[in-house]
Amino acid sequence: MTAPMQLRGLTVRYGEQLAVRDVSWSVPSGLVAIIGPNGAGKSTLLKAALGLIPHEGEALFFGQPLDAVRHRVGYLPQRQSVDWDFPATALDVVCMARQPRSRWWGRLPAAERAAARAALAEVGLQDLADRPIGQLSGGQQQRVFLARCLAQQADLLLMDEPLAAVDAATEREIIRVLRRLVEGGRSVVAVHHDLASVPHVFQHALMLNVRSVAAGPVAEVFTPETIVKTYGAPVAA
Ligand code: ADP
Ligand code: MG
């Protein structure tokens, strides 16, 4: 089977600084983690793979350049402390995924809106669909963006710290959704920083610290030795 994502010699520099160095990685299907300390280049790796920043090397998705399969790939950026004071509702935000090339605030066909509502229901937010995004908690916003990825019906989701700073209930909910996606044949690559939960949640991992330290099944690569190599020091898991 063709890998959902394949990186070949991916290298990113910010000026003089090497942020990602010559990473080659064939991403398997399933639930896959990118693990590494702050500043390891995890976000940079995803952005470069998606062609959002200048880089050397290449990324293929399902064996093809992104342009050929863009609709099959979804991206959840790392949560910023964005001040959401524009008037979009949760439903509007999900609808952007359904109609990326049109004005998202325009009227959508009823079927499109129904699909967006279904995606919100899948993440347990059906009752908040008409709430302005700025009035939702951080964890709820994160679930809205997850719903947007679901509505896009992408075959591969690249998620940058989907579980960062969410409460335990939200974390369980998001993991449940990700597992269901994978059971349905989708693939998820998530940047993850909570080492303790890695073995419970993920099947495969890339251990990254600018370069690739190790990649493979979690049972093989998520070992005390590689954790030390990746973090540069023992880390309490
Ligand atoms: P991670 O997501 O693993 O925490 P990042 O990919 O965000 O790491 O950053 C990797 C390194 O590149 C860090 O040292 C960071 O300071 C630097 N960096 C990230 N984005 C930029 C940028 N836009 N300009 C300059 N340096 C950056
Ligand atoms: Mg990051």
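First listed ligand is number 1; within each ligand, the first listed atom is number 1. Worth saying up front: this structure is predicted, and the values here are computed from it rather than measured.
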Close residues, ligand 1: non-hydrogen atom nearer than 4.0 Å: Tyr14, Gln17, Ala19, Pro37, Asn38, Gly39, Ala40, Gly41, Lys42, Ser43, Thr44
Linked, directly or transitively: Leu158 and Leu60 (ILVMFWY side chains, under 4.5 Å): no
Heavy-atom closest pair, residues Ala147 and Ala119: O-CB, 3.5 Å
Shortest non-hydrogen contact from Ile35 toward Lys42: C-CD, 4.0 Å
Close side-chain approach of Lys47 and Val12, heavy atoms under 4.5 Å: no
Working for salt bridge (charged side-chain N to carboxylate O under 4.0 Å, His left out), residues Glu183 and Arg180: CA-CA 5 Å; Glu183 279 159 17; Arg180 231 185 27 233; over 6 Å; no
Side chain proximity check, Phe222 to Ile227, heavy atoms < 4.5 angstrom: yes
Nearest non-hydrogen partners of Ile174 and Pro162, listed with the distance: CD1-O, 3.6 Å
Residue among Arg143, Arg117, Arg131 satisfying side chain to side chain contact (heavy atoms under 4.5 Å, CB included) with Leu125: Arg143
Distance-only donor-acceptor check, side chains His192 and Ser197, under 3.5 Å: yes
In the protein, N/O/S atoms that are found under 2.8 Å from the Mg ion (ligand 2), waters not counted: Ser43 OG, Gln78 OE1
